[in-house]
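What follows is one structure encoded as structure tokens, with my remarks underneath.
In listed order, ligands and their atoms are each counted from 1.
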Amino acid sequence: MTLGEAARRSAADNGFDLQAFAFSAAPEQLRPPRIVRIGLVQHSIVLPTTAPYVQQAQAIRSKVGQIIDAAGAAGVKVLCLQEAWHMPFAFCTREKQWCEFSECAETGPSVAFCRELARKWGMVIISPILERDAAHGDTIWNTAVVISHTGHVIGKHRKNHIPRVGDFNESTYYMEGSTGHPVFETAYGKVAINICYGRHHPMNWQGFGLNGAELVFNPSATVGGLSEPLWGVEARNAAIANSYFVGAINRVGTETFPNEFTSGDGKPAHKSFGHFYGSSYVAAPDGSRTPSLARHMDGLMVADVDLNLCRQAKDKWGFQMTARYDMYASDLQRYCTPDFQPQIVRDPAAQSPS
Ligand SMILES: NC(=O)NCCC(=O)O
């Protein structure tokens, strides 16, 4: 793929990993190809978590702006940032002062920043932030804001599943999302966002597929000690099972906080979360995928995806056609009743161990 000199020079000057790949689909007689250039951005924070908050946020915006400009110069038309990209990932600490970083999804500083860049480059930008919802009593959500190529906010999706694992004490900060599984019909295709921990839930991925997504981003923040063995599997499997493209994005670096915290697991108190291992990648509905971006560096992954591959995968495999949604729906309905009994057929000759 040719990305142009500007993106390559920016990667060299600003020290980020730049990789680019193309996924092709078979030529069709009745539809032209629908090739969209997408971009995934991974990055570390810039200043120590003890620096004044306004300076931390500005420094992150300044660095991310350089990467978005490189993406724009490379012709990227749909770009997604990492989970809570505008702040340190302070959810491990359970200390409430970090709520100050939350902002209005429509008018907050990071959204204004992304709207400007979206307009500048004619690029759809997905901006995952910590949202403060003043209209609902200052409720805080973990939200992906979808900004159109003309710079207006198309809508937002709020993270459905909150982790309660290891140091990921995120339920201290924000609530389970209230937006279902929306798909945003942009100028460049039907886009959805499955935020971080939602990638462990196959039915969450499926919800976006049922609503017609062609491209699902998984903006994440996860550390090597916890999830790295799962990372290459889950987004790729979701792309196959739902016949859409997935862009999986993880942040980079080790973030150290002023006060020690524990996670109720008997381990010694600590001040850092572990290493966010980057490794962002794109997976396609035919099971192919890009290599990963670096584990230790900021990065921009550029991929040309032909969205025709989504329907081609459906026609080949028929996963959606052969699914038994009515059967699953009645199983789930039974399961959700208080008197549910698992459907187990017991062998009378089997002795239960005494
Ligand atoms: N941010 C977040 O949901 N992290 C959870 C850790 C994981 O799912 O790997």
Side-chain angles (χ1 to χ4, degrees), residues 40-45 49 60 80-95 98-99 101-102 110 126-131 140-145 156-179 181 192-208 216-239 246-257 261-265 267 270 272-281 283 292-293 295:
L40 318 180
V41 178
Q42 64 176 42
H43 61 91
S44 59
I45 57 172
T49 58
I60 294 172
C80 186
L81 301 171
Q82 68 199 21
E83 182 181 25
W85 69 272
H86 61 122
M87 61 181 286
F89 210 76
F91 306 146
C92 49
T93 67
R94 283 172 283 163
E95 293 169 350
W98 305 104
C99 293
F101 277 95
S102 61
S110 71
I126 292 132
S127 173
I129 59 164
L130 193 65
E131 178 194 359
I140 296 182
W141 311 95
N142 186 321
T143 301
V145 184
K156 62 191 172 194
H157 171 60
R158 292 171 173 153
K159 182 173 179 177
N160 282 331
H161 302 279
I162 306 183
R164 293 161 172 85
V165 55
D167 282 342
F168 289 87
N169 295 308
E170 299 181 31
S171 59
T172 307
Y173 291 92
Y174 61 86
M175 298 305 294
E176 266 88 6
S178 54
T179 51
H181 295 95
I193 311 100
N194 181 358
I195 304 175
C196 196
Y197 185 79
R199 77 182 178 283
H200 309 301
H201 290 274
M203 295 187 82
N204 205 45
W205 289 109
Q206 188 178 46
F208 300 111
V216 179
F217 292 100
N218 175 228
S220 298
T222 186
V223 292
L226 179 69
S227 63
E228 207 159 0
L230 315 182
W231 181 249
V233 179
E234 291 170 311
R236 191 177 195 180
N237 188 57
V246 177
I249 307 158
N250 187 22
R251 67 168 57 204
V252 181
T254 302
E255 302 180 13
T256 303
F257 293 90
F261 50 89
T262 61
S263 287
D265 55 6
K267 293 192 182 143
H270 42 283
S272 104
F273 215 163
H275 177 67
F276 294 103
Y277 55 86
S279 307
S280 306
Y281 70 98
S292 297
L293 283 176
R295 287 185 88 256

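A salt bridge links Arg164 with Glu176: the closest approach of a Lys/Arg side-chain nitrogen to an acidic carboxylate oxygen falls below 4.0 angstrom.
Scored by the salt bridge (charged side-chain N to carboxylate O under 4.0 Å, His left out) test, Glu170 finds Lys159 as partners (sequence neighbours excluded). The salt bridge (charged side-chain N to carboxylate O under 4.0 Å, His left out) test applied to Glu228 returns Arg295, not counting sequence neighbours. By the salt bridge (charged side-chain N to carboxylate O under 4.0 Å, His left out) test, Arg158 pairs with Glu131, Asp133, sequence neighbours left out.
The minimum heavy-atom distance between Tyr174 and Glu83, with the atom names listed, is OH-OE2, 4.4 Å.
Enumerated by chain and number, the residues approaching ligand 1 to less than 4.0 Å through a heavy atom are Glu83, Phe89, Lys159, Pro163, Phe168, Glu170, Cys196, Tyr197, Arg199, His200, Ala221, Thr222, Leu226, Ser227.
Between Ser263 and Asn169 the shortest side-chain heavy-atom distance falls below 4.5 Å.
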